[in-house]
Amino acid sequence: MNLFRLLQARASAGKPVRVALIGAGKFGSMFLAQVPHTPGLEVPIIVDIDRERAREACRTVGWSSERIAATVFTDDGARAIAGGAMDVVVEATGNPAVGIRHARAAIAAGKHIVMVNVEADVLAGPLLAEEARKAGVVYSLAYGDQPALTAEMVDWARATGFRVVAAGKGTKYLPAYHDVTPDGVWQHYGLTAGEAQSAGMNPQMFNSFLDGTKSAIEMAAIANACALDVPADGLLFPPCGVDDLPHIMRPRSRGGVLDRSGLVEVVSSLERDGRPVFRDLRWGVYVVLEAPNDYAADCFRQYGLKTDASGRFAAMYKPYHLIGLELNISVLSAALRGEPTGQASGFRGDVAAVAKRNLRAGEMLDGEGGYTVWGKLVPAAASLKAGALPIGLAHRLKLKHDVAHGAVVHWNDVEFDAGNETVKVRKAMEAAFAAQH
């Protein structure tokens, strides 16, 4: 509640919080839109593989020509991180290999890192967070994205003395979506391919939201940041509106759908027959909590909180998330408080690559949202034991063996370069956290 006051003090002292933004896509653009309206916050350098696109993004979000002229635009992330008196690096490329490289460079340079790139966080976040802690800098999830918003709600619930039963987000989901490829994605968004192309929408990226991969990645990030467990056999995606959260998102032993308390889970905005869920949570996040005693349960009722029939389970939720428009919270929390808005504290959830169809030896995997695999949330212990191939590395790898439709792809099913830097980081994380499991 004090970030604005702290920022005002920095602005008055002539010491603005300075940010290097890497990746001027949609998330980055939404962040940039708020910068001119946040005195004391500056973005003197923007990194993007297409520098002119980055300049155009600044013009689109309303930056003045003077502000654009005073900004350095470059495609060299390493140089941008190493040079300049930056307080915070924002990594918003969405590429896990690039994100890991930038995060480690920022940590080595003594700069805080805000990881919009949740794909990189799930691939190696627990290791990166530990490296940042040892270096005395902040490694943080990005506020405005659903993992950080959920982590905030979990922290609120625990700090007020409640037991967290379930936490997560909403999305549009049907079981058939797991097999959807980029060729068929737009019909599920109510668009034609031509309309999507004219809007500059990437079919593979949007398909990763639809086929369950992005949900799995975000729930793994929440589990790792909040010491929550993941479902034993993947996300259930139960249809559920906000009024039914306390009833459905409770343990089976109490009449709900969960194996037990303390899990991450995603609720669907569609019934299994395709009908819309009443008062869905498609754009939001939630936490289901349990009253520790009868008195607290009575207070739930007295103050109008929606509960299950027993009165002991209740839910709090946030109906929307505004991604980059809210990113200042992470940037300022890191720079002014030295605190992350969510940070991996262990390795509890992983996202394994699963075949979308019968795959044959010799085929090339094409990664998140593509034609060959989707990402399934699995317990990290099970992933390590099975040698599952993480979805973040299931790109441009050739299969050595056939993999059946619906089966997990394993490390030993693919040809990979053990000397590749991203592979080495991932293997180092697996080795570092294997002892925990």
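This structure is a prediction, so every number in the text was calculated from the model and none was measured.
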Tell me, do [X] and [Y] make a side-chain contact under 4.5 Å, heavy atoms counted?
X: Asp402; Y: Leu359; result: no
X: Val154; Y: Leu228; result: yes
X: Phe162; Y: Glu290; result: no
X: Thr150; Y: Met153; result: no
X: Thr171; Y: Arg282; result: no
X: Val423; Y: Asp417; result: no
X: Pro203; Y: Trp186; result: yes
X: Pro44; Y: Met86; result: yes

So does [Y] get a backbone contact from the side chain of [X], meaning a donor-acceptor N/O pair under 3.5 Å?
X: Ser330; Y: Leu141; answer: yes
X: Lys172; Y: His188; answer: yes
X: Arg348; Y: Val230; answer: no
X: Ser215; Y: Gly212; answer: no
X: Asp280; Y: Gly241; answer: no
X: His321; Y: Gly144; answer: no
X: Asn2; Y: Arg5; answer: no
X: Glu265; Y: Phe237; answer: yes
X: Ser29; Y: Gly25; answer: yes
X: Glu195; Y: Thr192; answer: yes

Under the side chain to side chain donor-acceptor pair (under 3.5 Å) test against Lys356, which residue among Thr372, Asp179, Asp211 passes?
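Looking at Thr372, Asp179, Asp211, the match for Lys356 under the side chain to side chain donor-acceptor pair (under 3.5 Å) is Asp211.
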In this structure, are over 12 heavy atoms from other groups packed under 6.0 Å from [X] atom [atom1]?
X: Arg79; atom1: CZ; result: no
X: Gln197; atom1: CD; result: no
X: Lys26; atom1: NZ; result: no
X: Ile49; atom1: CD1; result: no

N-O pairing of [X] and [Y] below 4.0 Å:
X: Lys400; Y: Asp413; answer: no
X: Glu218; Y: Lys169; answer: yes
X: Asp233; Y: Lys376; answer: yes
X: Arg53; Y: Glu56; answer: no

Applying salt bridge (Lys or Arg N to Asp or Glu O under 4.0 Å) to Arg260 and Asp229, what does each step give before you reach the verdict?
CA-CA 10 Å; Arg260 62 187 186 281; Asp229 289 326; 3.2 Å; yes
Using ring centroids (six-membered ring only for Trp), state whether [Y] and [X] fall under 6.0 Å.
X: Tyr286; Y: Tyr317; value: no
X: His178; Y: Tyr173; value: yes
X: Trp374; Y: Tyr177; value: no

For a quick check under 3.5 Å, do [X] and [Y] share a side-chain donor-acceptor pair by atom type?
X: Asn328; Y: Tyr143; answer: no
X: Ser333; Y: Thr341; answer: no
X: Gln343; Y: Ser345; answer: no

Quick check for you: to the nearest 0.5 Å, what is the distance between [X] atom [atom1] and [Y] atom [atom2]?
X: Asn224; Y: Phe433; atom1: CG; atom2: CZ; result: 8.5 Å
X: Asp350; Y: Leu384; atom1: CG; atom2: CG; result: 7.0 Å
X: Glu42; Y: Lys15; atom1: CD; atom2: NZ; result: 14.0 Å
X: Ser269; Y: Trp283; atom1: OG; atom2: CH2; result: 8.5 Å
X: Asp87; Y: Lys111; atom1: CG; atom2: NZ; result: 9.0 Å
X: Thr71; Y: Leu21; atom1: OG1; atom2: CG; result: 10.5 Å

Please report the shortest heavy-atom distance between [X] and [Y], naming the atom on each side.
X: Gly234; Y: Pro231; answer: O-CB, 3.2 Å
X: Ala335; Y: Val17; answer: CB-CG1, 3.7 Å
X: Val331; Y: Leu41; answer: CG1-CD1, 4.0 Å

Please test Arg67 against Val35 for side-chain contact (heavy atoms from CB on, under 4.5 Å), starting from the C-alpha separation and ending with a verdict.
CA-CA 11 Å; Arg67 184 180 290 271; Val35 171; 3.9 Å; yes
Test ring pair (Phe, Tyr, Trp, His ring centres under 6.0 Å) applied to Trp411 - qualifying residues, sequence neighbours left out
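Partners of Trp411 under the ring pair (Phe, Tyr, Trp, His ring centres under 6.0 Å) test: Phe416.
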Between Glu52 and Arg55, is a salt bridge (Lys or Arg N to Asp or Glu O under 4.0 Å) present by the stated rule, with each step listed?
CA-CA 5 Å; Glu52 185 50 43; Arg55 288 190 183 90; 3.8 Å; yes
Asn117 vs Glu91, side chain to side chain donor-acceptor pair (under 3.5 Å): CA-CA, chis, key distance, verdict
CA-CA 6 Å; Asn117 191 335; Glu91 215 298 335; 3.1 Å; yes
I would like to know whether Leu397 and Leu389 meet side-chain contact (heavy atoms from CB on, under 4.5 Å); could you show each step before the answer?
CA-CA 11 Å; Leu397 295 183; Leu389 179 70; 4.2 Å; yes
Given Glu130 and Arg133, is the salt bridge (Lys or Arg N to Asp or Glu O under 4.0 Å) satisfied, shown in steps?
CA-CA 5 Å; Glu130 181 61 24; Arg133 284 191 288 270; 3.0 Å; yes
Salt bridge (charged side-chain N to carboxylate O under 4.0 Å, His left out) involving Glu119 - partner list, sequence neighbours excluded
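Scan of Glu119 (salt bridge (charged side-chain N to carboxylate O under 4.0 Å, His left out), adjacent residues dropped) gives Lys214.
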Candidate pair Arg18 and Val88, rule side-chain contact (heavy atoms from CB on, under 4.5 Å), full reasoning
CA-CA 7 Å; Arg18 293 164 61 86; Val88 181; over 6 Å; no
Evaluate the salt bridge (Lys or Arg N to Asp or Glu O under 4.0 Å) criterion for residues Glu363 and Lys398: first the C-alpha distance (whole Å), next the side-chain angles of each, then the deciding distance (0.1 Å), finally the verdict.
CA-CA 6 Å; Glu363 286 194 68; Lys398 183 182 289 187; over 6 Å; no
